[in-house]
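Take a look at the structure below.
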Amino acid sequence: NQLQREKELAAKTAADLVEAGMSVGLGTGTTVACLLPILAARRLSIRCVATSPQTEELARQLGMRVEPFTDVRSLDIAIDGADQIAPDGWLVKGGGAAHTREKLVAITAARFIVIADSSKPVDILNGPLPIELLAFGLGSTLRRLGNVTLRNLPPSPDGGIIGDYHGPLDEPRATATWLSGTPGLIEHGLFPPEMVSTAIIGRGEQVEVRNY
Ligand code: DER
């Protein structure tokens with residue numbers, strides 16, 4: 001369908017940015033699932049880190065070299081999807097419950113590239129905003145956060161509890177600062193523009209490239 005073709009188009013455009021010898025961060029979700037076969041088919045000698053077991057499994061099945069992120073201190077490029085993309089570059093991520101690892105890979109990469117179909121750009125970010133919470137003291141954290149629902153998911157690979165914050169996101173910087181300063185909250189899905197290099201958005205048969 002149209003959105004799938006747009007994902008493929010964005011993924012192919014992003015794959016052109018990956019060169020032999022690079023260390024590459026691989027995001028999580030259905031758009032990244034389009035990217036991996038394209039990247040694998042180019043048979044570049046690249047070292048990858050994955051942001052979820054799902055991505056790791058798919059990359060390994062495609063014969064890609066995936067390494068633990070533990071000792072990797074820098075990445076040349078990271079490519080990931082997004083749930084929402086604001087005009088100024090703020091992202092909402094975490095639909096796939098992997099935003100904690102995705103943010104660490106994104107901040108590590110020299111270039112962070114977002115790939116998306118035309119349903120992702122929005123005028124104003126709106127919730128729900130994915131969050132990952134420490135299991136210890138969960139009740140206290142939920143009380144202090146207020147407007148939060150928990151997802152019916154197993155704990156994350158890092159043992160965190162995945163939920164969604166339903167408050168307003170029209171002031172993303174203030175909300176991101178408040179959430180990041182909340183004891184018991186491991187990570188939230190607001191990614192600031194300073195973390196994003198480029199968004200590649202499939203629109204019909206074209207791609208829109210936004211550089212921030
Ligand atoms: O969970 C995530 O952050 C994913 O990258 C998500 O934002 C995009 O998933 P999709 O490519 O399946 O829409």
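For ligands, and for the atoms within them, numbers begin at 1 and follow the listed sequence.
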Q) So which heavy atom in the protein is nearest atom 6 (C) of ligand 1, and how far is it from that ligand atom? A) D83 OD1, 3.4 Å
Q. If we only count N/O pairs under 3.5 Å, is A98 in contact with ligand 1?
A. no
Q | Selection from A82, S119, A116 by shortest heavy-atom distance to atom 8 (C) of ligand 1 | A | A82
(Q) Can you report which non-hydrogen protein atom sits closest to atom 10 (P) of ligand 1, along with the distance? (A) T30 OG1, 3.4 Å
**Q.** For atom 5 (O) of ligand 1, closest protein heavy-atom neighbour
**A.** T28 O, 2.7 Å
**Q.** Atoms in ligand 1 flagged as close to K93, the criterion being non-hydrogen separation under 4.0 Å
**A.** 2 (C), 3 (O), 4 (C), 5 (O), 7 (O)
Q. Which atoms of ligand 1 sit under 4.0 Å from any heavy atom of D80?
A. 5 (O)
Q.
Taking R111 first and then D76, would you say they form a salt bridge - that is, a charged N and a carboxylate O separated by under 4.0 Å?
A. no
Q.
Under 3.5 Å, is there a donor on one side chain and an acceptor on the other for R173 and T177?
A. no
Q: Quick one: pull up CG in D117 and NZ in K7 and give me the separation to the nearest 0.5 Å.
A: 4.5 Å
Q: Would you check whether G95 reaches within less than 4.0 Å of ligand 1, judged by its heavy atoms?
A: yes
Q) Quick one: CG on L190 to CG on L129, what's the gap to the nearest 0.5 Å? A) 4.5 Å
Q) Starting from atom 1 (O) of ligand 1, which protein heavy atom do you reach first, and at what distance in Å? A) G96 N, 2.6 Å
**Q.** Distance in Å, L134 CG paired with L138 CG, rounded so as to fall on 0.5 Å steps
**A.** 8.5 Å
Q | Closest protein heavy atom to atom 11 (O) of ligand 1, given as residue, atom name and distance to 0.1 Å | A | T31 OG1, 2.6 Å
(Q) Between Q206 and R203, is there a side-chain donor-acceptor contact under 3.5 Å, judged purely by atom types and distance? (A) no
**Q.** E102 heavy atom under 4.0 Å from ligand 1
**A.** yes
Q.
Under 4.0 Å between a side-chain nitrogen and a carboxylate oxygen: does that hold for E56 and R60?
A. yes
Q.
Looking only at protein heavy atoms, which one is nearest to atom 13 (O) of ligand 1, and what is the separation?
A. K120 NZ, 2.5 Å
Q: Could you say whether the N/O atoms of G29 and ligand 1 ever approach to under 3.5 Å?
A: no
Q | Side-chain donor-acceptor pair present, N211, T198, cut-off under 3.5 Å | A | yes
Q. Salt bridge between D80 and K93, side-chain N to carboxylate O under 4.0 Å?
A. yes
